[in-house]
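To start, the structure under review is shown below, and the notes come after it.
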Amino acid sequence: MPTPLNTTAVINATDVNNGLKPDAFYSKALLTMLRQTTYKHRSFAESKPLPRNFGDTINFRRYSKLEPVTTPLTEGITPDGKTASGSSITATLRQYGDVMYWTDVVEDEQLDDVKAEYTVELGYQAQESLDNIARAAMYSEASKTYANGVTDLASMENTDAFRPTLDLFRKVALGMKTNGIKPNRKAGGRYAVLIGAQGMYDLLDDEKLEKKYMMTGGTNQPIKDNIIVDIYDLHFVEVLNPLVQDGGASNDVKVHTAFVIGNEAYAETMLEGRNVQVISKALGSAGTEDALNQRSSIGWKIMGYAVKVLTPLAINAVHFVPSEA
C-alpha cells in the first residue's frame, strides 16, 4: 500500500473544522502552475534538448580562444597556422518527480477541494525542484567571489563590510568583461544578476543608486517599485529561493549567494518532447492491487533533466551577508 496515503483521518487531523474534496481538473491545474515563472535560476540557461533514443548523456564542446597575431607576415612565406583545441563537457540526465495518493472516501465525503489545492502545490513543487537542481549545478562549477575580499565562507561576518553593494557586482561584471565574456543576450545586453529579496533590500539603500537615478537626471522608479532592474551594465532579477549557507568561524552567519551570469554560461537539457508530465491515476487503475477502487493518485515526473556550467568564468557566485539575513 502506498505511504503516505491521504485518508480522511490524515486530512481532518490538519484542521478539524474543514473537510476536503477533490474535483476533476487536476492535470490542467498542475500544468498551468508549471507554465508560470516564479522561480528564476533556469531563466538564463541555454536550452540544449537531447533527442529521444540517444541515451542519457549529452556532450557540449567548449572551444579555446585564438590568440591575436602581432608578428607581420614574411613575403612569400605562409604562416604555420593554428590548431583547433577545446574540451568536452558531459551532462547526464536524471529523472525527477513526486506523487500524492488519495482514498475514495476523501473523494466522496470531504467538502473542500483538497486534491485541487494540492495539485497547484505539486506544480509549485515541480518548479522549485527543477530550479533548485539548476541552482546547485550552477554553484558547483561557478567562479566564486566573497564580499570584503575574503576567500571563504568561514571568513564571512555579520557586519556592514560584508553587505551587498552595487560596486561588488560591478567588479564581478568588470572581471567578466576583461576576460572576454559577453553580457547575457537574455538580459538585454547586460550581465544578469540573480539575487534574493534580502540582498535587494540592501541594494536599494546603496548610495550609488541614489546618485545614479536621482542626481544625474534619472528616475526614482526603483525606489517606488522596491526593486532594481537595470543599472550600469547589470540586469537584476529577484529570486524567491537564494542559496543560503552557514558561514563565519562558528557557522553562525547566514551567507547568501547571488549569481552574475554572462552569455552562454550554462545550459539545461531534457529529453526532447518530454518536459514535465502530469500523471493522474484513477480509482481502480492499479488493477488487483486496488481491487475495490480505494486509491487514486496524481503526480509529476520529468523523464530526464540536467544542468551544466559551460564556461565557469561566465558565471560567478557572489557571497555576502545581508543586513536582514
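Side-chain atoms are counted along with the backbone in the values below, which use heavy atoms only and exclude waters and symmetry mates.
- Applying the side chain to side chain donor-acceptor pair (under 3.5 Å) test to Q245 and every residue at least two apart in sequence or in another chain returns Y139.
- Every side chain to side chain donor-acceptor pair (under 3.5 Å) that D152 has, sequence neighbours left out, goes to S155.
- Among residues two or more places apart in sequence or in another chain, the salt bridge (Lys or Arg N to Asp or Glu O under 4.0 Å) test is passed with E157 by none.
- Under the rule for a side chain to side chain contact (heavy atoms under 4.5 Å, CB included), the partners of T92 that lie at least two apart in sequence or sit in another chain are D56, T57, R94.
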Taking only distance into account, with no hydrogens and no angle test, what donor-acceptor pairs under 3.5 Å do side-chain atoms of residues 247-262 form with protein atoms, sequence neighbours excluded?
residue	atom	partner	partner atom	Å
K254	NZ	D246	OD1	2.6

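- Sorted by first and then second residue, the salt bridge (Lys or Arg N to Asp or Glu O under 4.0 Å) pairs with a member in residues 137-148 read E141-K308; sequence neighbours excluded.
- The cluster map of Ile, Leu, Val, Met, Phe, Trp and Tyr, joined by side-chain heavy atoms under 4.5 Å apart, puts L204 and V321 in different clusters.
- With sequence neighbours excluded, no residue forms a side chain to side chain donor-acceptor pair (under 3.5 Å) with T165.
- Judged as a side chain to side chain donor-acceptor pair (under 3.5 Å), the pairs with a partner in residues 196-206 (not counting sequence neighbours) are, in order, D202-S323.
- With sequence neighbours excluded, the residues that form a side chain to side chain contact (heavy atoms under 4.5 Å, CB included) with K186 are F44, N184.
- Residues forming a side chain to side chain contact (heavy atoms under 4.5 Å, CB included) with D98 (at least two apart in sequence, or on another chain): Q125, W300.
- Seen from the ring of Y232, R170 counts as a face-on cation partner, given the 6.0 Å and 45° thresholds.
- Partners of R42 according to the side chain to side chain contact (heavy atoms under 4.5 Å, CB included) rule, which considers only residues two or more places apart in sequence or in another chain, are L130, D131, A134, E268, M270, Y305.
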R185 vs E46, salt bridge (charged side-chain N to carboxylate O under 4.0 Å, His left out): CA-CA, chis, key distance, verdict: CA-CA 10 Å; R185 59 182 175 80; E46 300 296 313; 2.7 Å; yes
E264 vs T311, test: side-chain contact (heavy atoms from CB on, under 4.5 Å). Steps then yes/no. CA-CA 7 Å; E264 297 185 344; T311 309; 5.7 Å; no
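- Between the side chains of S143 and N316, no donor N or O sits under 3.5 Å from an acceptor N or O.
- Listed by first and then second residue, the ring-ring contact (aromatic ring centres under 6.0 Å, His included) pairs involving residues 161-199 are F169-F236 (not counting sequence neighbours).
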